[in-house]
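Input: a single structure, listed below in structure tokens.
These numbers come from the heavy atoms of this one structure, side chains and all, not from hydrogens, waters or symmetry mates. Just so we're clear, the structure is a prediction, and the values are computed from it rather than from any experiment.
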Amino acid sequence: MQAQTNTLVGWHVEMEFSERDARTRAAALLRLPDGTEIRAHGHANRHPDDPEQQRVGEEVAAARAFDDLARQLLAKAGGEIEEVTHLRAYLAM
């Protein structure tokens, strides 16, 4: 028998893209239940010899924005751990 799990909280990320020539930029916004807003950015540059594929640029830029977001979340969590333990927290990706 499978154990039943309940969702305690949900997070939503907003992602917006802008494109100019061969450059795609992604801007992410995460709102946490504690009221914190974390903004992250990513970009992608299409090589001049590559075909124009808007979706691919968005995916690369979004992946880089999520990477930025993940690093900021780890830093936030580390700071919260340090506030309680008064010891340096070492959180790695």
Check your understanding: Within the side chain of E19, is there an N or O that forms a donor-acceptor pair under 3.5 Å with the backbone of T24?
Key -> no
Check your understanding: Is the side chain of T36 donor-acceptor paired with the backbone N or O of L32 at a distance under 3.5 Å, no angle test?
Key -> no
Nearest heavy-atom pair of [X] and [Y]: which atoms, and what distance?
X: A89; Y: I81; value: CB-CG2, 4.0 Å
X: A26; Y: A62; value: CB-N, 3.9 Å
X: P51; Y: R46; value: O-CD, 3.3 Å
X: G57; Y: A44; value: O-CB, 3.6 Å

Interatomic spacing from [atom1] in [X] to [atom2] in [Y] - rounded to 0.5 Å:
X: R55; Y: F17; atom1: CZ; atom2: CZ; result: 12.0 Å
X: R25; Y: R64; atom1: CZ; atom2: CZ; result: 12.0 Å
X: H41; Y: E16; atom1: NE2; atom2: CD; result: 10.5 Å
X: E58; Y: S18; atom1: CD; atom2: OG; result: 10.0 Å
X: E82; Y: Y90; atom1: CD; atom2: OH; result: 8.5 Å

Point to revise | Student check: side-chain heavy atoms of W11 and L73 closer than 4.5 Å | key: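 Yes, side chains in contact.
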Exercise for review: Decide yes or no for D50 and V56: does some side-chain heavy atom of the first lie under 4.5 Å from some side-chain heavy atom of the second?
Suggested key: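 D50 vs V56: side chains apart.
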Exercise for review: Check the hydrophobic clustering (I, L, V, M, F, W, Y; side-chain heavy atoms under 4.5 Å; chains of links allowed) and say if L30 and F66 are grouped together.
Suggested key: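 Shared cluster, yes.
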Review point. Which pairs, with at least one residue in residues 68-79 and sequence neighbours excluded, count as a side-chain hydrogen bond (donor to acceptor under 3.5 Å, both in side chains)?
Key: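 Every pair satisfying side-chain hydrogen bond (donor to acceptor under 3.5 Å, both in side chains) with a residue in residues 68-79: D34-K76, D67-R71, D68-Q72, K76-E80.
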Practice item. Under the side-chain contact (heavy atoms from CB on, under 4.5 Å) rule, collect the residues that match up with R20, sequence neighbours excluded. Key: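 R20 satisfies side-chain contact (heavy atoms from CB on, under 4.5 Å) with no residue once adjacent residues are dropped.
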**Study point:** Verdict with supporting geometry, I38 and L69, side chain to side chain contact (heavy atoms under 4.5 Å, CB included)
**Key:** CA-CA 7 Å; I38 300 176; L69 186 62; 3.5 Å; yes
